[in-house]
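Below you'll find the structure, written out as structure tokens, and then a few comments.
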Amino acid sequence: MKALTVDAQGLLSLQELPIPSYGACQALVKMRSCGVCSGTDMKLIHHTFKNFDTYPAILGHEGVGEVVEIGEKVENLRRGDLVLLPFLEGKIGEYTPGWGAYSEYALVGDAEAYIRCGMGPGTKQWSEGYLAQTVLGPKDRVNPVEAAMIVTFREVLSAIRRFGFQPNQNIVVLGAGPVGLCFTRFLKLLGIKTVITTDILDEKVETALEMGADYAFNSAKCDIIHEVRTLFPDGVDAVVDAVGVNALLNQAMQMICSHGKICGYGISPKLSVNLDWSNAPYNWSLHFIQWPSKAEEAQAHAQIMAWINMKVLNPMDFISDVIPFSRITDAFTLIEQHLPSTKKIVIEF
């Protein structure tokens with residue numbers, strides 16, 4: 001099979017690798033699509049992903065695969081099933097998976113089979129990722145390209161739940177990339193009273209309004225702290241950093257109300273920041289979610305699919321480009337260009 005790899009110098013290339021072997025509680029899938037993550041993938045390429053330093057690596061983690069072969073203990077997977085979040089396990093030759101979904105084949109596990117066979121949580125055979133390798137049902141109104149977006153949807157919704165946001169709150173979302181737009185849309189669907197979204201590009205500000213933001217500002221053209229404080233003199237309940245720029249944490253302190261919360265979701269390549277709370281309220285909190293729980297992602301699946309099937313959430317609203325696997329390196333060139341029109345890019349196999 002072919003797989004996209006990155007070496008120690010950050011060079012991308014398609015390599016010929018063996019098709020992975022699967023265990024008794026696993027299934028082999030043929031990859032159908034994979035979303036490009038401008039956070040994880042780009043940081044792995046640029047060697048700025050925390051605690052990952054094993055190269056060469058196989059990239060990709062927002063995948064959708066079709067089951068083609070099944071292990072003897074598997075009961076909950078069938079040939080032809082579309083399954084979210086396939087990955088590769090263990091080294092393949094000299095290559096380490098970083099999670100490896102940009103491959104023509106990958107693996108999924110039957111979580112219930114692992115548990116039934118005594119290889120559940122706490123054993124060396126277990127991966128929490130098996131819990132999130134969800135099968136799409138026959139009534140789910142998504143094709144494989146659209147389904148790749150569900151991985152991001154579930155990550156964001158599980159983070160919203162963990163942040164503890166409540167209806168009728170007022171929240172600022174910093175950044176209107178694919179993740180920021182997900183926060184914007186979901187917060188409104190969940191009954192947040194006011195959502196204010198910012199970006200540094202006019203086109204993305206307009207998209208945020210289309211996604212449901214009550215207010216959207218170009219923070220490169222205005223004083224966002226002044227704009228927020230004009231709308232909410234006492235400050236907002238929470239500010240979400242959906243970009244991963246540490247300077248935004250200090251900016252957020254000047255927008256929150258007493259007992260407000262600053263929520264860090266975007267992953268910064270810089271792993272430290274000087275916090276200045278001189279202009280913050282006396283009581284506030286900082287909450288980072290930089291590694292969503294796969295178990296919590298799985299728990300978010302039903303709500304995401306309900307929104308999609310009820311047509312209040314359309315995955316294609318978040319996807320700007322679909323690129324064939326044979327031209328996958330073009331996707332990363334496109335991301336580096338930072339075009340206003342670029343949202344989520346999906347690779348189609």
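Basis for what follows: all heavy atoms, side chains included, without hydrogens, waters or symmetry-related copies.
With hydrogens and angles disregarded, no donor-acceptor distance shorter than 3.5 Å links the side chain of Arg154 to the backbone of Ala302. Looking only at distances, no side-chain donor or acceptor of Ser103 sits under 3.5 Å from a matching main-chain atom of Ala106. Between the Thr194 side chain and the Asn170 main chain, no donor and acceptor come within less than 3.5 Å of each other. Looking only at distances, no side-chain donor or acceptor of Thr48 sits under 3.5 Å from a matching main-chain atom of Leu44. With Asn143 contributing its side chain and Val145 its backbone, the two residues share a donor-acceptor pair below 3.5 Å. At distances below 3.5 Å, at least one donor-acceptor pair connects side-chain atoms of Asp41 with backbone N or O atoms of Cys37. Although no hydrogens or angles enter the test, the distance criterion places a donor-acceptor pair under 3.5 Å between the side chain of Asn218 and the main chain of Ala220. A donor-acceptor pair under 3.5 Å is formed between the side chain of Asp110 and the backbone N or O of Glu75. Using modelled atom types, one side-chain atom of Arg185 and one backbone atom of Val312 make a donor-acceptor pair closer than 3.5 Å. The backbone N or O of Ala300 lies less than 3.5 Å from no partner atom in the side chain of Ser158, so there is not a single donor-acceptor pair.
To the nearest 0.5 Å, atom CD of residue Glu146 and atom OG of residue Ser33 are 10.0 Å apart. With values rounded to the nearest 0.5 angstrom, Tyr282 atom OH is found 13.0 Å from His259 atom NE2. Between the CD1 atom in Ile323 and the CZ atom in Phe332 there is a gap of 9.5 Å [rounded to 0.5 Å]. Separating the CG atom in Leu157 from the CD atom in Glu296 is a distance of 10.5 Å, to the nearest 0.5 Å. Taken to the nearest 0.5 Å, the CG atom of Leu85 stands 8.0 Å off from the CD atom of Glu155. Atom OH of Tyr215 is separated from atom OG1 of Thr230 by 11.0 Å, given to the nearest 0.5 angstrom.
Relative orientation of the Tyr130 and Trp126 rings is perpendicular, given thresholds of 30° and 60° on the angle between their planes.
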| query | Can you list the steps and then say if Leu12 with Leu59 is a side chain to side chain contact (heavy atoms under 4.5 Å, CB included)? | reply | CA-CA 10 Å; Leu12 295 172; Leu59 298 177; 3.7 Å; yes
| task | Begin with the C-alpha distance, continue with both residues' side-chain angles, and end with the deciding distance and a verdict on side chain to side chain contact (heavy atoms under 4.5 Å, CB included) for Ile171 and Val239. | result | CA-CA 6 Å; Ile171 297 176; Val239 176; over 6 Å; no
| field | ring-ring contact (aromatic ring centres under 6.0 Å, His included) evaluation trace for His47 with Phe52 | value | CA-CA 8 Å; His47 292 216; Phe52 189 99; 8.7 Å; no
| message | Evaluate Gln251 against Ile225 for side chain to side chain contact (heavy atoms under 4.5 Å, CB included), listing each step before the verdict. | response | CA-CA 7 Å; Gln251 186 183 63; Ile225 297 170; 3.9 Å; yes
| task | Please report the C-alpha distance between Asp202 and Lys221 in whole Å, then the side-chain angles of each, then the deciding distance to 0.1 Å, and finally whether the salt bridge (charged side-chain N to carboxylate O under 4.0 Å, His left out) criterion is met. | result | CA-CA 9 Å; Asp202 287 335; Lys221 295 182 177 180; 2.6 Å; yes
| request: Apply side chain to side chain contact (heavy atoms under 4.5 Å, CB included) to Tyr55 and Thr96, showing your working. | output: CA-CA 7 Å; Tyr55 294 87; Thr96 300; over 6 Å; no
| task | Dump the intermediate steps for side chain to side chain donor-acceptor pair (under 3.5 Å) on Ser341 and Ser320, then the final yes or no. | result | CA-CA 7 Å; Ser341 59; Ser320 61; over 6 Å; no
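Salt bridge Glu66/Arg32: present, at least one basic N to carboxylate O contact under 4.0 Å. Comment: Lys344 engages Glu62 in a salt bridge, judged by a side-chain N to carboxylate O separation of less than 4.0 angstrom. For Asp214 and Lys188, the salt-bridge test passes: some basic side-chain N is under 4.0 Å from an acidic carboxylate O. Using a cutoff of 4.0 Å between basic side-chain nitrogens and carboxylate oxygens, Asp330 and Arg327 are scored as salt-bridged.
Both Phe186 and Val179 belong to a common hydrophobic cluster when Ile, Leu, Val, Met, Phe, Trp and Tyr are linked at side-chain heavy-atom distances under 4.5 angstrom. Follow the hydrophobic side-chain contacts under 4.5 Å out from Phe87 and you reach Met31 in the same cluster. In the hydrophobic cluster analysis, where Ile, Leu, Val, Met, Phe, Trp and Tyr join through side-chain heavy atoms closer than 4.5 angstrom, Phe318 is grouped apart from Leu334. The hydrophobic cluster containing Leu88 does not contain Leu131, counting ILVMFWY residues as joined when their side-chain heavy atoms lie under 4.5 angstrom apart, directly or transitively. Follow the hydrophobic side-chain contacts under 4.5 Å out from Leu84 and you reach Ile308 in the same cluster.
Using a 4.5 Å cut-off on side-chain heavy atoms (C-beta onward), Val29 and Val68 make no contact. No side-chain heavy atom of Cys263 sits less than 4.5 Å from a side-chain heavy atom of Asp241. Proximity of Ile58 to Leu4: side-chain heavy atoms (C-beta onward) are nowhere separated by under 4.5 Å. Counting heavy atoms from C-beta outward, Cys25 and Met119 have side chains that approach closer than 4.5 Å. At least one side-chain heavy atom of Val236 sits less than 4.5 Å from a side-chain heavy atom of Val228. Pro20 places a side-chain heavy atom less than 4.5 Å from the side chain of Leu28. Side chains of Ile19 and Glu104 form no contact here, defined as non-hydrogen atoms less than 4.5 Å apart. In this structure the side chain of Ile115 reaches within 4.5 angstrom of the side chain of Pro121, judged on heavy atoms.
Nearest approach of Thr197 to Gly175, heavy atoms of both residues: CG2-O, 3.9 Å. Across all non-hydrogen atoms, the minimal contact from Ala148 to Val346 is CB-CG1, 4.0 Å. Here the closest non-hydrogen pair linking Phe165 and Leu187 is CD1-CD2, 3.6 Å. Here the closest heavy-atom approach between residue Leu82 and residue Pro144 is recorded as CD1-CG, 4.0 Å. Considering every non-hydrogen atom in both Leu181 and Ala176, the closest pair reads CG-O, 3.4 Å. Between Ile70 and Arg79 the shortest heavy-atom distance is CD1-N, 3.5 Å.
No more than 12 heavy-atom neighbours from other residues, nucleotides or ligands sit within 6.0 angstrom of CD1 on Ile200. Sparse packing is recorded around CZ of Arg162, with 12 or fewer heavy atoms of other residues, nucleotides or ligands lying under 6.0 Å away. Heavy atoms from other residues, nucleotides or ligands lying under 6.0 Å from CG of Asn283 number more than 12. Heavy atoms of other residues, nucleotides or ligands lying less than 6.0 angstrom from NZ of Lys43 number more than 12.
In this structure, Tyr265 has its ring center closer than 6.0 angstrom to the ring center of Phe183. Aromatic ring centres of His301 and Phe153: separated by at least 6.0 Å.
Neither side chain, Gln125 nor Tyr114, offers a donor N or O lying under 3.5 Å from an acceptor on the other.
Only one option out of Thr207, Leu174, Val205 pairs with Asp199 in a side chain to side chain contact (heavy atoms under 4.5 Å, CB included); it is Val205.
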